[in-house]
Amino acid sequence: QVQLVESGGGLVEAGGSLRLSCAASGSDFTINFMAWYRQAPGKQRELVAQITSGGITNYADSVKGRFTISRDNAKKTVYMQMRSLKPEDTAVYYCYFAIRRYLDFNYRDYWGQGTQVTVSS
């Protein structure tokens, strides 16, 4: 079995920083693509940042220059360092991994449980 466990969310003042983490538990699998999504109340889930297995990154325009996604393959973990946070960053943040278990032929979608980030103004 594979599970993604998120941590690092919380309440922060505007202009502050937080670092989110998401680690995959279990064994006998390969992780390809990693990403962070977020969903604010009443809004659709949106892609915030993504990172390939080779370390190539992309960001939503709204977070460019403020957020940094990274990965530690040995720890099977993705991080997102968030700086200069704004009230509009308030949302539930979800990690996403594309994972192929050795017993499977294809990659499958795995999601974290979500972690709340609240930025006060």
Side-chain angles (χ1 to χ4, degrees):
Q1 60 181 2
V2 180
Q3 293 184 342
L4 307 188
V5 180
E6 301 183 31
S7 62
L11 175 65
V12 65
E13 296 180 357
S17 299
L18 286 172
R19 190 177 78 153
L20 305 183
S21 300
C22 178
S25 65
S27 61
D28 299 325
F29 57 82
T30 298
I31 304 173
N32 190 352
F33 185 81
M34 292 178 168
W36 286 97
Y37 289 75
R38 68 186 180 187
Q39 187 166 26
K43 297 184 178 181
Q44 293 184 322
R45 184 175 298 187
E46 65 173 340
L47 177 64
V48 178
Q50 59 189 39
I51 184 167
T52 71
S53 61
I56 300 173
T57 60
N58 278 290
Y59 300 91
D61 288 341
S62 60
V63 306
K64 284 182 179 178
R66 300 188 298 119
F67 291 10
T68 303
I69 187 171
S70 61
R71 63 190 288 167
D72 185 328
N73 292 328
K75 295 183 177 180
K76 297 178 287 186
T77 300
V78 65
Y79 304 95
M80 189 161 68
Q81 180 68 51
M82 304 184 293
R83 300 180 297 273
S84 301
L85 283 162
K86 304 174 180 179
E88 49 263 45
D89 295 318
T90 296
V92 177
Y93 285 72
Y94 299 90
C95 58
Y96 164 87
F97 291 2
I99 292 176
R100 183 180 66 82
R101 297 182 300 167
Y102 295 162
L103 58 83
D104 291 331
F105 185 79
N106 297 313
Y107 281 86
R108 300 175 185 267
D109 299 333
Y110 289 83
W111 293 90
Q113 81 280 6
T115 185
Q116 177 71 48
V117 172
T118 302
V119 184
S120 62
S121 60

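Numbers here are sequence positions counted from 1.
- Shown are I51, L18, L20; of these, the side chain to side chain contact (heavy atoms under 4.5 Å, CB included) with M80 is made only by L20.
- Using a 4.5 Å cut-off on side-chain heavy atoms (C-beta onward), R108 and V2 make no contact.
- Between T90 and Q116 the shortest side-chain heavy-atom distance falls below 4.5 Å.
- No side-chain heavy atom of I31 sits under 4.5 Å from any side-chain heavy atom of V78.
- Taking both residues in full, the closest heavy atoms of N106 and R100 are given as O-CG, 3.6 Å, listed atom of the first, atom of the second, then distance.
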Note to self: Let's go through D89 and K86 carefully: what are the C-alpha distance in whole Å and the side-chain angles of both, what is the deciding distance for salt bridge (charged side-chain N to carboxylate O under 4.0 Å, His left out) to 0.1 Å, and is it a yes or a no?
What the structure shows: CA-CA 5 Å; D89 295 318; K86 304 174 180 179; over 6 Å; no
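- Ring pair Y37/Y96 is perpendicular by interplanar angle, where above 60° counts as perpendicular and below 30° as parallel.
- F67 CZ to S62 OG: the interatomic distance, rounded to the nearest 0.5 Å, is 7.5 Å.
- Counting only heavy atoms from C-beta outward, the side chains of F29 and L103 never approach each other to under 4.5 Å.
- Atom SG of C22 sits about 7.5 Å away from atom CE of M34, to the nearest 0.5 Å.
- V48 and V63 make their closest contact through O-CG2, 3.7 Å (heavy atoms, listed as atom of the first residue, atom of the second, distance).
- In plain terms, the two heavy atoms of A23 and T77 that are nearest each other are CB-OG1, 3.5 Å.
- Separation of atoms CG (N32) and OH (Y107) is listed at 4.5 Å; rounding is to 0.5 Å.
- At a threshold of 4.5 Å between non-hydrogen side-chain atoms, the residues S17 and Q81 count as touching.
- Side-chain heavy atoms closer than 4.5 Å link hydrophobic residues (I, L, V, M, F, W, Y) into clusters, and following such links, even through other members, never connects Y79 to L85.
- Between A24 and F97 the shortest heavy-atom distance is CB-CE2, 3.7 Å.
- To the nearest 0.5 Å, the span separating OH on Y93 from CD on E6 amounts to 11.5 Å.
- Residues R38 and E46 form a side-chain contact, since some pair of their non-hydrogen atoms from C-beta on lies under 4.5 Å apart.
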Note to self: I'd like to know whether K75 forms a side-chain contact (heavy atoms from CB on, under 4.5 Å) with S21, so could you lay out the CA-CA distance, the side-chain angles of the two residues, the decisive distance to 0.1 Å, and finally the verdict.
What the structure shows: CA-CA 11 Å; K75 295 183 177 180; S21 300; over 6 Å; no
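- When all heavy atoms of Y94 and W111 are compared, the pair lying nearest together is CB-CE3, 4.0 Å.
- Taking each heavy atom of N73 and R71 in turn, the nearest pair found is OD1-NE, 2.8 Å.
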Next item on the list: Go through T68 and Y59 one step at a time and tell me if the side-chain contact (heavy atoms from CB on, under 4.5 Å) criterion holds.
Entry: CA-CA 8 Å; T68 303; Y59 300 91; 3.9 Å; yes
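- When the side chains of ILVMFWY residues are joined at heavy-atom separations under 4.5 Å, either directly or via intervening members, W36 and Y110 end up in a single hydrophobic cluster.
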